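In this text the structure is predicted, and so the values were computed from the model without any measurement. Atom set for the values below is all heavy atoms of this structure, side chains included, hydrogens, waters and symmetry mates excluded. The chains referred to below are lettered A, B, ... by the order of the sequence lines, with proteins before strands, and numbering in each begins at 1.
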There are 4 protein chains.
Amino acid sequence: MTPDPKSERRSERARRAILDAAFDLVSRKGFAKVTIEAIAAQAGVGKPTIYRWWRSKGAVVLEAMNEELGDDFAFPDTGDIAADLTTQITAVTQRLITGRISEAFKGVMGEAQNDPALMKAFRETILEPSIAECRARLDSAVAAGQLRSDVPTDVMVDLFYAPIHYRHFLGFGDDAVRRSADLVQDVLLGLQPRSDAG
Amino acid sequence: MTPDPKSERRSERARRAILDAAFDLVSRKGFAKVTIEAIAAQAGVGKPTIYRWWRSKGAVVLEAMNEELGDDFAFPDTGDIAADLTTQITAVTQRLITGRISEAFKGVMGEAQNDPALMKAFRETILEPSIAECRARLDSAVAAGQLRSDVPTDVMVDLFYAPIHYRHFLGFGDDAVRRSADLVQDVLLGLQPRSDAG
Amino acid sequence: MTPDPKSERRSERARRAILDAAFDLVSRKGFAKVTIEAIAAQAGVGKPTIYRWWRSKGAVVLEAMNEELGDDFAFPDTGDIAADLTTQITAVTQRLITGRISEAFKGVMGEAQNDPALMKAFRETILEPSIAECRARLDSAVAAGQLRSDVPTDVMVDLFYAPIHYRHFLGFGDDAVRRSADLVQDVLLGLQPRSDAG
Amino acid sequence: MTPDPKSERRSERARRAILDAAFDLVSRKGFAKVTIEAIAAQAGVGKPTIYRWWRSKGAVVLEAMNEELGDDFAFPDTGDIAADLTTQITAVTQRLITGRISEAFKGVMGEAQNDPALMKAFRETILEPSIAECRARLDSAVAAGQLRSDVPTDVMVDLFYAPIHYRHFLGFGDDAVRRSADLVQDVLLGLQPRSDAG
DNA sequence: CTCTAAGCGAGACGGTACGTCACGTCTTTAA
DNA sequence: TTAAAGACGTGACGTACCGTCTCGCTTAGAG
């Protein structure tokens, strides 16, 4: 995220203050009503300090969100793929809906629709690592004979995750998003290995 | 979309010019780079005329997009539900990706993440009518015994449409979106009626 | 004032409503804060009806002020020129300061600084008639040997009236304006006929 | 004039460009036809930079006029009060009528009729200093026995200056204003000390 | 253990667009 | 055939932020 992290002299204090202010403001006022000026003011920082290290408001908020999320994309593995998927998807929806992440996520994704660089950063730092973890778990389920082997696991990932984001971005409401985990069973039906044809 | 369509004194000429200008500008420059001033200028119209009838840029572009789409949400019905779904979903993705709608749609949806009124308008004028058509077709397929009767058809709609929008909004690229119709077969597998249990 | 008074079909009701509304609004809000839209609204009249008969807000207010003033510019004549001048000038300042005319007058004159046509109308309908009355009285005083005959009476008029307007327009405050009548005596001293040279 | 002249970060370049542009535009087009946008454009400056330092167009033009006038309100003192007054009043009228100041002055004063803060600023920066100089000269003339001692000198100032502004603001025309100096003699007659009573 | 260059806060600057107001004109509806 | 009502094109308003650009100040690392 940091365009030029080379400098050793960068003030960690300022960086933290900016990310904290950004996250707090977005959570409280909504992404659209937050300005870089307001972030700078709340962080007790000059605007140029923000522009020096980030390209846009979206970039700041994405990094703030990343810090909030942490690096933990690990997928549970109890041996029961259906249970593990349900667990994980429930966790994701909770974080998306009730968590403090919600506003930041919607804001960043809205912005990213018109900002390819921001979209790229989001995918690289959040989406793709998390997809990779999911695929790894699905691969092991395929190897265990719990899932069909003739459907690519990246397609499976899409099938499991799509409903969450579909409902989230198209305004179906928090309850609908929260119930996304219920679809896991229906999707799984189509992905079970079958002796009796295809 | 028009907040106050009651007045019969409204100038249809101005309305058309505004919608045409908005759609053209968004298609050519991208949603984010279009301003209401530019729309007014290109339409040969005063800014107040725009603000008199629309709440925001998003509202104008949504209405322009609606006019472009027309009212036709009809679902094909050949008797073969798999074929019909593939046909329809292919059509939707084409329109979303290659069509002139693309930029407007992304822009409006990005905006709608932070504008509940805009989201509501989108759902009422586009999404819900189109879901209703799909459900009607699925209902008839259920009645014909082509689909399981124990999964609500609104859930089925989500399963079929989610991948498109998921790939579209999360930056998977046009090719991935275009291939969304391929998932229909996999989803259908889980929705087939089964005498032999699950 | 009426640019085109030819039409016999002009609505006297509308004219009265407009002038009353204009005068009332200017008195209550001050000239600068009154708009033609507001006058039309309060008068229950369409804007074009105002524009049909007057060139500008200043013209409306000037006419309203004229109606309020009436046609009476008569100068008292008790035979004592000093007393008559004091009487008249006191009356003028009272009307200017305490009267309902005050706001309208300041507004119109402020506007007239940049609107020659308005200035001309003001002079023709108010200033010049009132100067003429004053000169007539001064002429009779000269004839009666109460004033020097070698100073033109129009200059005398200026000397008597100038302080009022000077203090009024240059912001000396209402009290200073009100005391303008006190200067009559001092000015008169220089205008008395003198046997002993000049 | 500057509402907040404290900041030492203020750009003198911008200030000069704004005042120069304002004065030039007012001189060429007349006060009423000048907009803050036009001043900003001609000065090569953003509108906010004007609003940061001035309350209104009138305030800008007043300051521009002040700079044009300079601080020199000195009154001549040759020992002959009649000659000095004529000299000074001729100078004032010349500056008012023919000078580049003319349009700015009329515009500001017209505005000031409805803007007390502007009137106050005008009085403090221009009118009162200039009155003070005049009174000082009159005081010395009184002390020299050239003027009556029983008329307050501030009243005398009014008598001498009133005709100029009266004729100027009430539309008597440039020639009448220019001839205002002629009245000095007549006014002086009433202000001469008299042993022989009055 | 200075010294000097960086990164910093602060905030003014030239801009762009905002959303609003009132203008003066034009069109439509009802009396 | 007026006049009310009010939508229209226009242009300026005053404001909010943008992203850039000085400024001094501080502060840490290289000499």
[X] to [Y] - nearest heavy-atom pair and separation:
| X | Y | answer |
| --- | --- | --- |
| B:L62 | B:F122 | CD2-N, 3.6 Å |
| D:S56 | D:D115 | OG-OD2, 4.1 Å |
| A:R123 | B:L170 | NH1-O, 2.6 Å |
| D:G46 | D:A40 | C-CB, 4.2 Å |
| D:A59 | D:L118 | N-CD1, 3.8 Å |

Phosphate oxygens OP1/OP2 of [N]: is one of them under 4.0 Å from a side-chain N or O of [X]?
| X | N | answer |
| --- | --- | --- |
| A:R13 | F:dT27 | no |
| A:W54 | F:dG19 | no |
| A:R52 | E:dG7 | no |

Within this structure, what is the [atom1]-to-[atom2] distance between [X] and [N], rounded to whole angstrom?
| X | N | atom1 | atom2 | value |
| --- | --- | --- | --- | --- |
| B:E111 | E:dC18 | CD | P | 11 Å |
| D:I39 | F:dA12 | CD1 | C1' | 12 Å |
| B:I50 | E:dT20 | CD1 | C1' | 14 Å |
| C:R55 | E:dT25 | CZ | P | 12 Å |
| D:R16 | E:dG14 | CZ | P | 15 Å |
| A:E37 | E:dG15 | CD | C1' | 13 Å |
| B:I36 | E:dC18 | CD1 | P | 6 Å |
| C:E12 | F:dA3 | CD | P | 12 Å |

* Give, ordered by number, those residues of residues 20-34 of chain A having at least one heavy-atom distance below 4.0 Å to an atom of DNA chain E; if nothing qualifies, reply none. => none
* For D:Y51 and for C:V45, find the nucleotide of DNA chain F with the closest heavy atom, then tell me which residue's nucleotide is more 5'. => C:V45
* For DNA chain F, whose closest nucleotide is more 5', that of A:T35 or that of B:T49? ->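 The answer here is B:T49.
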* Identify, between D:A14 and B:A38, the residue whose nearest nucleotide on DNA chain E lies closer to the 5' end. => D:A14
* Structure fact -> By nearest-heavy-atom nucleotide on DNA chain E, the more 5' of C:K57 and D:A43 is D:A43
* Those residues that, when tested against D:E67, pass salt bridge (charged side-chain N to carboxylate O under 4.0 Å, His left out) (two or more places apart) -> D:R15, D:R16
For residues 101-113 of chain D, dump all side-chain donor-acceptor pairs below 3.5 Å to protein atoms at least two apart in sequence or in another chain.
from: D:S102; atom 1: OG; to: D:L96; atom 2: O; distance (Å): 3.2
from: D:Q113; atom 1: NE2; to: C:F169; atom 2: O; distance (Å): 2.9
from: D:Q113; atom 1: NE2; to: D:M109; atom 2: O; distance (Å): 3.1

Tabulate atom names and distances for all N/O pairs under 3.5 angstrom spanning the protein and nucleotides 21-25 of chain F.
from: F:dT22; atom 1: O2; to: D:R9; atom 2: NH2; distance (Å): 3.4

* State which residues pass side-chain hydrogen bond (donor to acceptor under 3.5 Å, both in side chains) with A:E124; sequence neighbours excluded, sorted by chain then number. => A:K120
* Asked: Among A:Q42, A:R100, A:K29, whose side-chain hydrogen bond (donor to acceptor under 3.5 Å, both in side chains) with A:D24 holds?
  ->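 Exactly one candidate clears the test, A:Q42.
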Residues 30-39 of chain D side chain polar contacts: donor-acceptor under 3.5 Å, at least two apart:
from: D:T35; atom 1: OG1; to: D:A38; atom 2: N; distance (Å): 2.9
from: D:E37; atom 1: OE2; to: D:K47; atom 2: NZ; distance (Å): 2.8

